[in-house]
Amino acid sequence: MSLRKANVAILVAAVVVFLLVLHRNFLGLSDFLRRELTDSNPLGLQPIDFIPAVPQRLMDERNDKEISVVIAASEERLGGAIAAMNSIYHNTKSNVVFYIVTLNDTVDHLRLWLSNTALKNLRYRILDFDPRVLEGKVQVDPQKADPLKPLTFARFYLPSLVPHAEKAIYVDDDVVVQDDILELYNTPLKPGHAAAFSDDCDSTTNKVAVRGAGNQYNYIGFLDYKKETIRKLAMKANTCSFNPGVFVANLTEWKLQNITKQLEKWMTLNVAEELYSRTLAGSITTPPLLIVFYKQHSSIDPMWNVRHLGSSAGKRYSPQFVKAAKLLHWNGHFKPWGRTASYAEVWEKWYVPDPTGKFSLIRRHSEAYEAK
């Protein structure tokens, strides 16, 4: 009898020890997850969602190598970001993870759109961008009707958005991809280069160079060469500019060179000295990038940024050329979810309707695009 009692006592003691160990491990895991969700960085970028697990079937089909793709998603242009991500996802077998940068009031809408449509298998993390990081760095012009769009500056903070990646792709929300994003990701960057862009003087965009106020294909179209601060940089005014709407970044090099701090420096100087061209027609994110990456960037294949589809110049492209493009970019005033953009039908193939009904396309009668 005493032997039985001893055995029972040993068993009870073993169960108690097991439960104590299990409880300790659970507390440790809870603490880790809590840190993941609450740790903030100096930029105020907060992760909203964890990356969902990939179903085994998709893991078998897709490559293991993770490709980080950063895209901004504003409420009024959310359909654009959805189409861009859908086109990337369906044209690759690579393990793409989307880092979606948005504002707090868009998070719920975005999550519903992703979880209640065919996009539910996307791997993503939603990041809440704090506009206060731009205080003192962006000059708001009260005479201009367009309000400040803080998410356009998200590309300046890539290492904070994807802190564990060595390389990342940034794309604007007005693009669709027609080839495997892995090819763009594998763009070779020269030693010491933190990014690769598509130059505005390449063989593709040169055919539809943007004319008008200023020369929007070289540096003088973006920077005020009358200012002494710009002249001291000794940058040739006729240097070909580049488009920052699509680029590949070496984040290790970006951090080594402190690119973000350099960009913020020129943003702050512009507020004080108005260094950007007064005839600037493009995004105000371009000038500081042109300064920091002057003759210090690599090039991507121009077919990975076939642009100007959002302007009248886009009409010059043939249907055959549009079909051959690896990435189509509707930069300019006319967006493919609006009335007058060129080849909007191509973009619409990748659009996933909003299940909430908040975002809807504005369409006009046009000749349907036919691939030839």
Side-chain angles (χ1 to χ4, degrees), residues 35-51 65-74 81 85 88 94-103 123-138 149-173 181 184-197 242-269 283-294 296-298 300:
R35 287 199 306 271
E36 282 289 295
L37 284 171
T38 59
D39 280 358
S40 62
N41 56 53
L43 302 177
L45 294 163
Q46 299 285 350
I48 305 299
D49 288 340
F50 284 109
I51 300 171
K65 185 177 183 179
E66 181 176 307
I67 298 177
S68 302
V69 176
V70 179
I71 187 169
S74 61
M85 290 187 288
I88 292 170
S94 296
N95 180 23
V96 175
V97 178
F98 294 99
Y99 291 81
I100 313 168
V101 191
T102 191
L103 300 178
R123 302 190 73 207
Y124 64 88
R125 171 167 285 175
I126 300 174
L127 297 170
D128 180 16
F129 187 80
D130 187 351
R132 290 176 296 181
V133 71
L134 301 175
E135 289 178 1
K137 303 180 185 74
V138 180
K149 297 179 175 62
L151 292 177
T152 61
F153 296 94
R155 71 197 83 188
F156 289 6
Y157 300 98
L158 289 181
S160 297
L161 299 171
V162 279
H164 305 300
E166 295 181 358
K167 196 175 185 182
I169 295 171
Y170 173 85
V171 294
D172 276 347
D173 59 9
I181 198 73
L184 178 60
Y185 183 84
N186 287 335
T187 298
L189 274 70
K190 296 178 181 178
H193 286 183
F197 302 91
F242 54 78
N243 180 273
V246 178
F247 65 91
V248 181
N250 178 335
L251 299 182
T252 302
E253 196 66 43
W254 190 294
K255 287 182 279 190
L256 283 173
Q257 297 182 31
N258 218 350
I259 297 294
T260 296
K261 286 296 182 184
Q262 290 189 55
L263 292 168
E264 289 184 324
K265 166 193 169 183
W266 288 105
M267 292 167 68
T268 304
L269 278 173
S283 170
I284 59 173
T285 58
T286 304
L289 286 164
L290 293 179
I291 295 173
V292 172
F293 286 103
Y294 178 70
Q296 288 294 322
H297 69 276
S298 298
I300 65 173

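Positions are given from 1, in the same order as the sequence printed here.
- Side-chain atoms of Phe242 and Leu289, non-hydrogen and from C-beta on, do get closer than 4.5 Å to each other.
- A search for side chain to side chain contact (heavy atoms under 4.5 Å, CB included) contacts involving Asn186 returns Lys65, Leu182, not counting sequence neighbours.
- One distance of note links OG1 of Thr252 with CG of Leu189; it measures 11.0 Å at 0.5 Å rounding.
- What you find for Ala72 and Ala81 is that their closest heavy atoms are O-CB, 4.0 Å.
- The nearest pair of heavy atoms linking Ala154 to Phe129 is CA-CE1, 4.3 Å.
- Side-chain atoms of Phe153 and Thr285, non-hydrogen and from C-beta on, do get closer than 4.5 Å to each other.
- Taken from CD1 in Ile88 to CD1 in Ile71, the straight-line distance is 6.0 Å, to the nearest 0.5 Å.
- Residues forming a side-chain hydrogen bond (donor to acceptor under 3.5 Å, both in side chains) with Ser298 (at least two apart in sequence, or on another chain): His193.
- The side-chain hydrogen bond (donor to acceptor under 3.5 Å, both in side chains) check on Gln257 picks up Glu253, with sequence neighbours excluded.
- In this view, Thr152 satisfies the side-chain hydrogen bond (donor to acceptor under 3.5 Å, both in side chains) rule with no residue, not counting sequence neighbours.
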| said: What verdict does the side chain to side chain contact (heavy atoms under 4.5 Å, CB included) test give for Val246 and Leu184, after you've listed the backbone C-alpha separation in whole Å, the side-chain angles of each residue and the deciding distance to 0.1 Å? | reply: CA-CA 10 Å; Val246 178; Leu184 178 60; 4.0 Å; yes
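- Scanning for side-chain hydrogen bond (donor to acceptor under 3.5 Å, both in side chains) contacts around Asn250 gives an empty result, with sequence neighbours left out.
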| Evaluation steps, side chain to side chain contact (heavy atoms under 4.5 Å, CB included), between Met267 and Leu134 | CA-CA 9 Å; Met267 292 167 68; Leu134 301 175; 4.0 Å; yes
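- Taking CD1 from Ile67 and CD1 from Ile181, the interatomic distance works out to 7.0 Å, rounded to the nearest 0.5 Å.
- Val138 and Ile284 get closest at one heavy-atom pair: CG1-CD1, 4.1 Å.
- For Trp254, the ring pair (Phe, Tyr, Trp, His ring centres under 6.0 Å) partners are Phe293, not counting sequence neighbours.
- Note: Ile259 CD1 to Leu251 CG = 11.0 Å, rounded to the nearest 0.5 Å.
- With hydrogens and angles ignored, the 3.5 Å screen pairs a side-chain donor or acceptor of Thr260 with a backbone N or O of Phe156.
- Between Glu264 and Tyr157, the side chains place a donor N or O and an acceptor N or O closer than 3.5 Å (distance only, hydrogens not considered).
- At least one side-chain heavy atom of Ser68 sits less than 4.5 Å from a side-chain heavy atom of Tyr99.
- For the pair Lys137 and Leu263, the minimum side-chain heavy-atom distance is 4.5 Å or more.
- By the 4.5 Å heavy-atom criterion applied to side chains, Asp172 and Arg155 are counted as neighbours.
- One finds the NZ atom of Lys167 at 14.0 Å from the CD atom of Glu66 (value rounded to the nearest 0.5 Å).
- For Phe247, the ring pair (Phe, Tyr, Trp, His ring centres under 6.0 Å) partners two or more places apart in sequence, or in a different chain, are Tyr170, Phe197.
- When all heavy atoms of Ala73 and Ile100 are compared, the closest pair comes out as CB-CG2, 3.6 Å.
- Across Leu158 and Ala249, no two heavy atoms sit closer than the pair CD1-CB, 3.8 Å.
- Take Pro163 and apply the side chain to side chain contact (heavy atoms under 4.5 Å, CB included) test, not counting sequence neighbours, and it matches no residue.
- Residues Ile300 and Ala196 come closest through the heavy atom pair CG2-O, 3.5 Å.
- Residue Asp128 holds its CG atom at 7.5 Å from OG1 of Thr102, rounded to the nearest 0.5 Å.
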